[in-house]
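Sending over a structure as structure tokens; questions will come in a sec.
Proteins get letters first, then strands, A, B, ... in listed order; numbering begins at 1 in each. Given the structure is predicted, the values throughout are model-derived calculations rather than measurements.
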Amino acid sequence: MSALGRSFYDRDTLAVARDLLGCRLVRETPGGRIAGRIVEVEAYHGEEDPACHAAAGRTRRTEPLYGLPGFAYVYFIYGMYHCFNVVTRGQGHPSAVLVRALEPLEGLERMRERRASRRRGGAGGIADRELANGPGKLCDALGITLAENRADLTGSPLRVEPDEPPEAVVWTPRVGISVGTDRFWRCFVKGSPHVSRSPWNRVLADRPRPATV
DNA sequence: GTACAGATAAACT
DNA sequence: GTTTATCTGTACA
């Protein structure tokens, strides 16, 4: 399966977020493929979005957001974890989609080994659904670090492949932010047991897709 | 099952 | 010096 091309990412951020659900995030390693179905994402939309890192303007960290769509934006957070984003839209509009959770599909044992190295319990204690049900966890499972920041997702060992689209999705506010909580820009596959933990998961009513910004 | 404290360092002010 | 798009272990129900 070939990677999604540049034009996929060069669209409205909410549309890219929605269409990433169901796709397969793939990491090629010397030991083989590690991959999972994307089941949860969040949109971060430009300097006018107070929760977007670009709200602080163009800095050393946010530089990738101002670059071409289809490249990775990875940052280090809470002194311990990494978060993986795909850059959307054209240059000059700094927006991206945070990938928050995967349904593990390939290389589950390699995921387990990488995740276990940070824990005390050992590799045996991690259930399949706990391997990548969070933005920090999936970066650990796939071995994504700052070395992958600015990687070209359209032609590299780290890429997104089209797969089965979800039957239904749910929109909620974004997780872990203190501003911009009025925007329902988190989107996940309805009924998936692989999404991250959030009080908003109980909001079962389907929200219509937010208006394009 | 839920609730909370604490870990830990880059980027920014 | 402050903040942070998180996770884990422990405590308790």
> What integer distance in Å separates Leu146(A):CG from dA10(B):P?
Replying inline: 9 Å
> What does dA5(C) pair with, Watson-Crick or G-U, if both distances are under 3.5 Å?
Replying inline: none
>> Nearest 0.5 angstrom please: Asp140(A) CG to Met80(A) CE, how far?
In response: 11.0 Å
> Of Leu158(A), Leu142(A), Leu98(A), which is the lone residue that meets side chain to side chain contact (heavy atoms under 4.5 Å, CB included) with Phe84(A)?
Replying inline: Leu158(A)
>> Without decimals, in angstroms, what is the distance between His45(A) NE2 and dA5(C) P?
In response: 19 Å
>> For a quick check of understanding: with a heavy-atom distance under 4.0 Å over all strands, which category does Leu98(A) fall into, base, sugar-phosphate or nothing?
In response: base
> Base, sugar-phosphate alone, or nothing: which one does Arg197(A) contact when heavy atoms must sit under 4.0 Å apart?
Replying inline: nothing
>> Looking at dT6(C), I'd like to know if its phosphate oxygens (OP1 or OP2) sit under 4.0 Å from a side-chain N or O belonging to Arg100(A).
In response: yes
>> Heavy atoms from C-beta onward define the side chain here; which of dT8(C), dA9(B), dA5(C) lies closest to that of Phe76(A)?
In response: dA9(B)
> Rounded to whole angstroms, how far apart are NZ on Lys137(A) and C1' on dG9(C)?
Replying inline: 13 Å
>> Can you measure Asn149(A) atom CG to dA10(B) atom C1' for me and round it to whole angstrom units?
In response: 12 Å
>> Tell me whether Tyr75(A) and dA10(B) count as stacked here, given that the ring centres must be under 5.5 Å apart and the planes must differ by less than 30 degrees.
In response: no
>> Just checking Arg58(A): does its CZ atom have more than 12 heavy atoms from other residues, nucleotides or ligands closer to it than 6.0 angstrom?
In response: yes
>> Under 3.5 Å, is there any donor-acceptor pair linking the side chain of Tyr78(A) to the base of dA7(B)?
In response: no
> When the distance from CG of Asn201(A) to P of dG1(B) is rounded to whole Å, what number comes out?
Replying inline: 13 Å
> Are Arg174(A) and dA5(C) close enough that a side-chain N or O sits under 4.0 Å from OP1 or OP2?
Replying inline: no
>> Would you say the rings of Tyr75(A) and Tyr73(A) are close, in the sense that their centroids are separated by under 6.0 Å?
In response: yes
> Considering only side-chain heavy atoms of Ala56(A), which listed nucleotide, dT13(B), dT6(C), dC7(C), is closest?
Replying inline: dT13(B)
> Taking atom P of dA5(C) as reference, at what distance in whole Å does atom OH of Tyr73(A) sit?
Replying inline: 9 Å
>> Expressed as a whole number of angstroms, how long is the span from Arg115(A):CZ to dT6(C):P?
In response: 14 Å
> Between dA11(B), dT4(C), dG9(C), which one does the side chain of Arg60(A) approach most closely?
Replying inline: dA11(B)
>> If you compare all heavy atoms of Val175(A) against all heavy atoms of Ser198(A), which two are closest, and at what distance to 0.1 Å?
In response: CG2-OG, 3.9 Å
> Nearest of dA7(B), dT4(C), dC7(C) to any side-chain atom of Pro135(A)?
Replying inline: dC7(C)
> So does Arg18(A) pair up with Asp12(A), basic N to acidic O under 4.0 Å?
Replying inline: no
> What's the NE2-C1' distance between His53(A) and dA11(B), to the nearest Å?
Replying inline: 10 Å
>> Quick check: on DNA chain B, is the nucleotide nearest Arg61(A) upstream (toward 5') of the one nearest Tyr81(A), or the reverse? Name the residue that is more 5'.
In response: Tyr81(A)
> On DNA chain C, nearest-nucleotide positions of Ile177(A) versus Arg118(A): which is more 5'?
Replying inline: Ile177(A)
